[in-house]
Each structure stands twice: as C-alpha cells, then as structure tokens.
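Note that ligands are numbered from 1 as they come in the structure, with each ligand's atoms numbered from 1 the same way.
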Amino acid sequence: MTATVIDGKAFAAKVRNQVGAHVARLKEDHGITPGLAVVLVGEDPASEVYVRSKGKMTVEVGMASFTHRLDADTSEADLLALVDQLNNDPNVHGILVQLPLPDHLDSDLVINSIDPAKDVDGFHISNVGLLGTGQKSMVPCTPLGCLMMLRDHHGSLSGMNAVVVGRSNIVGKPMAQLLLGDSCTVTIAHSRTRDLAAVVRQADIVVAAVGRPEMVPGDWIKPGATVIDVGINRIDKPEGGTRLVGDVAYESCAAVAGAITPVPGGVGPMTIACLLANTVTACCRAHGLAEPDGLTA
Ligand code: GUN
C-alpha cells in the first residue's frame, strides 16, 4: 500500500481563506476587526521566526496584528501588566504569549493570567478543564489542526482506535481529549510505555508528538492506518547540511499507512491557520455573533 499524502499546506490555505471570508463579513456587517496580540519575551531565534510568520498571516486574513517584543530580562510584574492591558483592550480578541519564556518567568502563572476568552492557545487552566469536560472552550491550535485533517480525511472518527504518542500539555493531552470527544478509543502512550510497538500496532489513527526524530518505524504501523506526524526535528544529513524530519520514519510508514502527513507541509502549516481560526472564534464569542462553521472542535 502507498499512503495518501495529507496536504497540510493546501488544507491550511483553505482554512485561512475561510477565516478571511469570515473576517470580511465581520468588518462589513458589524464594523468589527478581529485582533491578535502576540507577546515575545527575549530573542529565541525559532520563536522569532514563528512570531513573524504569525504576524504576517494575521494581516493577510484581514485581522489586526499587535506584536509586543520584550527584553529577555523583563520582570514578571511587567509581563503580567502587559497581559492585563491586553485583557482589557477591546481591540484585542486573542492573546498569545510565545513559549518557552525565559527561566526567571513562571509560564503557568503568566498563561493563567490571560483572560480565558482571549486565550487562543487554549493553554489556560479553565480552557483545559472545559475541553476535558466536553464544554465549549478555546482549543490548542496544533491538536485542533490534526483533528480537522482527520475529520476531513475520514468523515466520522467514531469507534476508531487512536494512539497518541506523547503526553505534553500542548499536544498529546489535548489531542487525546479531542479524539475522545469524537468517540475514538484513545490510548496515550509515551517514552515509558511498555512495548510501544505493540500499542501503536493497534491504532487506526497514530498521532506522533514526542519530539524524537523518526522514532516510529513503518513496522509499528497497522496496514491502512492514518499517521499524523506532529514532530519537527532538524537533523544532520550524512553528506553535510541539515534537513527537517518528523517523529515518524516517513518512507517506511508511508509504505504501510493508508494516509500520512508529511514533514514539512503537514501539521505545521495547520497550527497558524488554527490560531487565526481561534482568534476569529474568540472575536465572534466576545460579540455574541455566530461562529464560523467547521473551524472549531
Ligand atoms: N511555542 C511553540 N509552540 C507554541 C504554541 O503553540 N503556542 C505558544 N504560545 N508558544 C509556542
């Protein structure tokens, strides 16, 4: 079997178009421009790239983009004061504090100081609790993107065996909650799971989010399964230079799977598209207006 390649880049462009159309309607019919504020503390190069890309795409879909760059030695009090200001700014509907924060700042404290209604990352403890109890919440962007691709490929996910490899708060745990919400039978596996190969072989859906290059080989994959690769790892090429690989061994998995997301061009582009979708959703909720169809969990 050769897997269908799930084109995350094309799908993300479609999601951004939907978001853009909704933003245009909000402006035309209600005079409202959704706004996203991104806060970056320090100069982590990878974070810089993400933040620039977020700002650019926010503007491209017609939303207002507010980027706040703070020095690496910013005090916790100053950062909390900025979050408070954004919480109270009616032009800001979504707030994202880029992680990781410098070590002297308490990430949990900062994230939990964001107004949950503006928490477009879905990291606030209230949103985590709402998602876990099946209530309306803001949903973390990467797992939301994975869910959208799975629903698009399969239609209903009901009754499928899903194995999520990785237990992070950002991807693994919320992914498991979303799959459970769509009536999958869900296993969360991780680096300490006994006989991980046997666990993954049971899966109709595998979501790999462990941050280890090419950790999942093709002979762990049940023939015909759908493989969603959340990993983005830069590795050295034998001939020199580097390349990006996921958490699954692409060639060997693609030979067995029914469908697979590539790296790059799979899950990655969906994350920012879902951030924009969450911002428009937050804006609609703030104004008591109808939310866009198909862009929420
Ligand atoms: N750093 C890496 N991924 C993310 C993300 O999804 N949200 C935030 N806030 N920071 C990140």
Side-chain angles (χ1 to χ4, degrees), residues 8 12 15 35-58 65-70 72 74 76 79-80 82-83 86-87 92-103 105-128 131 137-149 164 166-175 177-178 207-212 228-234 244 246-247 263-264 266-279 281-282 297:
V15 170
L36 172 64
V38 173
V39 180
L40 174 62
V41 186
E43 281 146 23
D44 178 59
S47 293
E48 266 291 347
V49 174
Y50 287 133
V51 166
R52 224 173 305 130
S53 178
K54 282 168 192 164
K56 184 168 161 268
M57 291 193 182
T58 303
S65 168
F66 310 96
T67 304
H68 295 265
R69 287 188 161 76
L70 305 182
T74 296
E76 200 161 83
L79 179 55
L80 292 172
L82 174 60
V83 171
L86 298 171
N87 283 342
V92 172
H93 303 93
I95 302 170
L96 180 145
V97 177
Q98 184 68 29
L99 301 176
L101 288 171
D103 288 347
L105 300 169
D106 180 343
S107 301
D108 288 339
L109 181 74
V110 173
I111 295 303
N112 290 326
S113 73
I114 297 171
D115 177 347
K118 297 189 178 188
D119 169 37
V120 283
D121 260 330
F123 294 167
H124 190 290
I125 191 73
S126 297
N127 282 317
V128 176
L131 177 61
S137 67
M138 295 308 301
V139 175
C141 305
T142 299
L144 179 57
C146 296
L147 183 74
M148 283 184 189
M149 290 194 287
V164 179
R167 53 178 155 176
S168 71
N169 291 334
I170 294 181
V171 183
K173 287 179 202 164
M175 187 75 247
Q177 294 288 5
L178 289 171
V207 180
V210 271
R212 290 200 199 173
I228 305 289
D229 191 349
V230 180
I232 303 177
N233 310 287
R234 190 166 284 285
L244 285 183
D247 289 350
V263 177
V267 174
M270 287 299 290
T271 297
I272 295 184
C274 287
L275 174 68
L276 304 175
N278 277 350
T279 305
T281 298

Participant: Can S47 and L40 be said to form a side chain to side chain contact (heavy atoms under 4.5 Å, CB included), step by step?
Facilitator: CA-CA 8 Å; S47 293; L40 174 62; 3.6 Å; yes
Participant: Looking at E43, I want to see if its CD is surrounded by more than 12 non-hydrogen atoms of other residues, nucleotides or ligands under 6.0 Å.
Facilitator: no
Participant: For the residue pair P174 and S168, what are the closest heavy atoms and their distance?
Facilitator: CD-O, 3.8 Å
Participant: What is the distance from atom NE2 of H93 to atom OG1 of T279, rounded to the nearest 0.5 Å?
Facilitator: 10.0 Å
Participant: Output the distance between atom CG (D247) and atom CD1 (I228), rounded to the nearest 0.5 Å.
Facilitator: 13.0 Å
Participant: Write down, by chain and number, every protein residue that brings a non-hydrogen atom to less than 4.0 Å from an atom of ligand 1.
Facilitator: L96, V97, Q98, L99, D121, F123
Participant: For T271 versus C141, what's the shortest heavy-atom pair and its separation?
Facilitator: O-CB, 3.5 Å
